[in-house]
Amino acid sequence: MNILVLHGPNLHLLGKRQPEIYGHQTLNDINTALDQFVASSSFDVTLKILQSNHEGELVSIIGEHIDWADGILINPAAYTHTSVAIRDALSTVGLPVIEIHLSNIYAREEFRHHSYVSGVAAGVISGFGAYSYILALEAMIHILGPKLTNHKDIV
Ligand code: CA2
């Protein structure tokens, strides 16, 4: 089972700036935690994790993985609140999508309360810091569960 993990703009700065909002963990820490979760699970899951600061690049990446990915985890970061293009790309590939936020976007400025992505997502996880990513991965494995025929214990 292949899961694409996409980090949007400025998330490469995690742990280095604004730790009071986004925590002390770096993007590398989050990616390592995701890889470790998969390694310790009994599911045969392959992650591909990418970050981009560019809207068009995120759109291209989503489209390029239409045949590879079974599901997409995405923190669209600021593009959450602005990007019809990313919403359309996610909608077009027709895969289950889980939208992730480190912070609780509903407890922040009003402009963060609207997401263009939520309407095409299976669900949204917001407000649990780096743990939002693990919760989202668990939720995606739950969604894809019936397709996870190659359980490591079985083969
Ligand atoms: O809470 C989230 O995960 C957000 O997607 C983060 C975005 C923000 O625009 C969304 O409203 C909510 C911002 C990502 C920027 O990340 C930084 C990390 C460290 C230092 C500065 C920015």
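Ligands are counted one by one from 1 in listed order, and the atoms in each one are counted from 1 as well.
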K.L.:
Starting from atom 8 (C) of ligand 1, locate the nearest protein heavy atom and write down its residue, its atom name and how far away it is, to 0.1 Å.
P.N.:
R112 NH1, 3.3 Å
K.L.:
If I compare all heavy atoms of L102 with all of A130, which pair ends up nearest, and what's the gap?
P.N.:
CD2-N, 3.6 Å
K.L.:
What residues join V84 in its hydrophobic cluster, counting side-chain heavy atom gaps under 4.5 Å, either direct or through other members?
P.N.:
Y116
K.L.:
Under 30°, 30 to 60°, or over 60°: which ring-plane class applies to H7 and Y133, parallel, tilted or perpendicular?
P.N.:
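Plane angle between 30° and 60°, so tilted.
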K.L.:
For S103, is at least one N or O under 3.5 Å away from an N or O on ligand 1?
P.N.:
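Yes, there is a polar N/O contact under 3.5 Å.
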K.L.:
For E110, look at atom CD and say whether over 12 heavy atoms of other residues, nucleotides or ligands are found less than 6.0 Å away.
P.N.:
no
K.L.:
What residue and atom, counting heavy atoms only, is the protein's closest point to atom 4 (C) of ligand 1, and at what distance?
P.N.:
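Looking only at protein heavy atoms, the one closest to atom 4 (C) of ligand 1 is H101 ND1, 3.7 Å.
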K.L.:
So which atom in F37 and which in I141 form the shortest heavy-atom distance, rounded to 0.1 Å?
P.N.:
CE2-CD1, 4.0 Å
K.L.:
Ignoring angles and geometry beyond distance, decide whether L13 reaches within less than 3.5 Å of ligand 1 through its nitrogen or oxygen atoms.
P.N.:
no
K.L.:
In terms of residue, atom name and distance, what is the protein heavy atom nearest to atom 17 (C) of ligand 1?
P.N.:
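The protein heavy atom lying closest is N10 O, 3.6 Å.
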K.L.:
Under 4.0 Å, heavy atoms only, figure out whether ligand 1 is touched by the backbone of I21, its side chain, both or neither.
P.N.:
neither
K.L.:
Can you name the nearest heavy-atom pair linking I98 to A136, along with the distance?
P.N.:
CD1-O, 3.5 Å
K.L.:
Looking only at distances, please establish whether an N/O atom of ligand 1 is found under 3.5 Å from an N/O atom of Y22.
P.N.:
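In this structure, Y22 places no N or O atom under 3.5 Å from an N or O of ligand 1.
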K.L.:
Going by heavy atoms in the side chains, are L58 and P76 under 4.5 Å from each other?
P.N.:
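No, too far: nothing below the 4.5 Å cut-off.
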K.L.:
So which protein heavy atom does atom 19 (C) of ligand 1 come closest to, and at what separation?
P.N.:
R17 O, 3.3 Å
K.L.:
Taking a cutoff of less than 4.0 Å between a non-hydrogen atom of the residue and any ligand atom, is H81 in contact with ligand 1?
P.N.:
yes
K.L.:
If you look at every heavy atom in P9 and A78, which pair is closest and at what distance?
P.N.:
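Closest heavy-atom pair between P9 and A78: CG-N, 4.3 Å.
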K.L.:
If you measure every N or O of Q18 against every N or O of ligand 1, does any of those distances drop under 3.5 Å?
P.N.:
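No, there is no polar N/O contact under 3.5 Å.
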K.L.:
By number and element, which atoms of ligand 1 are closer than 4.0 Å to a non-hydrogen atom of L102?
P.N.:
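This gives 1 (O), 2 (C), 3 (O) as the contact atoms.
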K.L.:
Within the 4.0 Å heavy-atom shell around L11, which atoms of ligand 1 are there?
P.N.:
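Taking each heavy atom of L11 in turn, ligand 1 has 14 (C), 16 (O) under 4.0 Å.
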